[in-house]
Trainee: 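Pasting a structure here, questions to come.
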Amino acid sequence: MSHFSYRPAGDSEPDPRPVGLATRPDLEAALDAVNRDLAATLPEAGPMGLMCTPSDDEDLPDQYHAALPDGRWHGSVTDPAGSGIAEAAHETVLAVLWQVWPVCPEHRTGVHAGTGADERAVWWCRVGGGHELCEVGELAQTLPGKERRALRRKERRREG
């Protein structure tokens, strides 16, 4: 499996393995939200999966990676709660695909995952003093009307 994570020579860290989402519904919900955003704004990337590098040290948590369908990933998130999975997906798209994602439609600049009101995972634009773009999983709502309608038609065709 290819990835872009740095590992020193002789490091005995275990290899990443796919995460069984059925055993981690919290991660499944976070990944579903990220994949809705990818489908709406960068469908050619395909849906992401999660990989986990288990920790050999009981005092250190496992590390999670948002991986592209072909298994490539970049970076990791130690705490997958909140916006962690979204930020890991953002890093993977940026570093592996060389694609700025997601983009604030108002400022035409990349946004980052963060925590909004009520501890929700949100996409945050830092331009102009900063503003919350939307909740992670809701990027389709930020698309211009024409693109949003095309996305809904595509979803209806897929559902049959």
Side-chain angles (χ1 to χ4, degrees), residues 1-5 13-55 58-97 99-105 110-126 130-143 147-160:
M1 176 169 304
S2 63
H3 57 81
F4 294 94
S5 180
E13 180 179 307
D15 286 329
R17 58 177 166 69
V19 173
L21 294 177
T23 62
R24 293 292 307 267
D26 57 328
L27 299 183
E28 183 176 26
L31 187 63
D32 284 347
V34 165
N35 281 331
R36 281 194 309 274
D37 288 346
L38 276 169
T41 57
L42 194 63
E44 61 274 17
M48 288 200 169
L50 288 177
M51 303 292 285
C52 175
T53 303
S55 175
E58 63 186 44
D59 294 330
L60 296 175
D62 295 342
Q63 291 187 345
Y64 291 87
H65 320 281
L68 294 167
D70 64 7
R72 293 179 298 160
W73 54 269
H74 177 82
S76 64
V77 59
T78 302
D79 180 11
S83 60
I85 297 298
E87 189 60 27
H90 164 83
E91 289 178 20
T92 293
V93 169
L94 188 63
V96 177
L97 299 180
Q99 172 78 39
V100 174
W101 176 84
V103 173
C104 174
V111 298
H112 295 271
T115 303
D118 302 328
E119 300 300 309
R120 297 173 299 120
V122 298
W123 294 114
W124 184 262
C125 176
R126 296 178 180 165
H131 66 94
E132 184 178 305
L133 179 60
C134 66
E135 191 167 345
V136 172
E138 301 299 325
L139 274 175
Q141 302 307 314
T142 69
L143 296 173
E147 291 178 39
R148 197 167 48 243
R149 285 189 297 277
L151 178 63
R152 281 197 301 263
R153 280 193 302 275
K154 185 188 276 186
E155 288 172 354
R156 281 195 299 268
R157 273 188 240 124
R158 202 172 344 149
E159 292 171 0

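Only heavy atoms go into these numbers, but all of them, side chains included; no hydrogens, no water, no symmetry mates. Worth saying up front: this structure is predicted, and the values here are computed from it rather than measured.
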Trainee: I need the Glu91 CD to His112 NE2 distance, nearest 0.5 Å.
Mentor: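 Glu91 CD to His112 NE2: 9.5 Å, rounded to 0.5 Å.
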Trainee: Distance alone, cut at 3.5 Å: any donor-acceptor contact between the side chains of Asp37 and Trp123?
Mentor: yes
Trainee: Hey, are the side chains of Met48 and Leu38 touching, using non-hydrogen atoms and a 4.5 Å cut-off?
Mentor: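 Counting from C-beta outward, Met48 and Leu38 do come under 4.5 Å.
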Trainee: Got a sec, which residues hit ring pair (Phe, Tyr, Trp, His ring centres under 6.0 Å) with Trp124, two or more places apart in sequence or on another chain?
Mentor: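 Ring pair (Phe, Tyr, Trp, His ring centres under 6.0 Å) list for Trp124, sorted by chain: empty.
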Trainee: Would you check if His90 and Pro102 make a side-chain contact, meaning some heavy-atom pair closer than 4.5 Å?
Mentor: yes
Trainee: With heavy-atom distances below 4.5 Å as the criterion, would you say the side chains of Gln99 and Leu94 are in contact?
Mentor: no
Trainee: Apply side-chain contact (heavy atoms from CB on, under 4.5 Å) to the pair Leu50 and His65, showing each step before the final yes or no.
Mentor: CA-CA 6 Å; Leu50 288 177; His65 320 281; over 6 Å; no
Trainee: Does Leu60 offer a backbone N or O that forms a donor-acceptor pair with the side chain of Ser55 under 3.5 Å?
Mentor: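 Yes; judged by distance alone, with no hydrogens or angles, the pair exists.
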Trainee: Can you list everything that forms a salt bridge (charged side-chain N to carboxylate O under 4.0 Å, His left out) with Glu87? Sequence neighbours excluded, please.
Mentor: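 Checked Glu87 against salt bridge (charged side-chain N to carboxylate O under 4.0 Å, His left out); zero matches.
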Trainee: Does Leu31 reach the side chain of Leu27, with side-chain heavy atoms less than 4.5 Å apart?
Mentor: no
Trainee: Within this structure, what is the CZ-NE2 distance for the pair Arg126 and His131, rounded to the nearest 0.5 Å?
Mentor: 12.0 Å
Trainee: In Å and rounded to the nearest 0.5 Å, what is the NE2 to CG distance from His74 to Leu68?
Mentor: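 Interatomic distance, His74 NE2 to Leu68 CG, rounded to 0.5 Å: 12.0 Å.
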Trainee: Does a side-chain heavy-atom distance below 4.5 Å link Ile85 with Val136?
Mentor: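 Not in contact.
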Trainee: Look at the side chain of Thr92 and the backbone N and O of Ala66, then say whether any donor-acceptor pair between them is shorter than 3.5 Å.
Mentor: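 A pair under 3.5 Å: yes.
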Trainee: Stepwise, does the side-chain contact (heavy atoms from CB on, under 4.5 Å) test hold for Val93 with Val100?
Mentor: CA-CA 7 Å; Val93 169; Val100 174; over 6 Å; no
Trainee: Is any side-chain heavy atom of Gln141 closer than 4.5 Å to one of Cys134?
Mentor: no
Trainee: Does the pair Arg120/Glu132 count as a salt bridge with the N-to-O cut at 4.0 Å?
Mentor: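 Glu132 and Arg120: salt-bridged.
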Trainee: With side chains defined as the heavy atoms from C-beta onward, is the minimum distance between Trp101 and Thr41 less than 4.5 Å?
Mentor: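 Yes, at least one pair of side-chain atoms sits under 4.5 Å.
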Trainee: Can you check side-chain contact (heavy atoms from CB on, under 4.5 Å) on Val122 and Leu133, steps first, answer last?
Mentor: CA-CA 7 Å; Val122 298; Leu133 179 60; over 6 Å; no
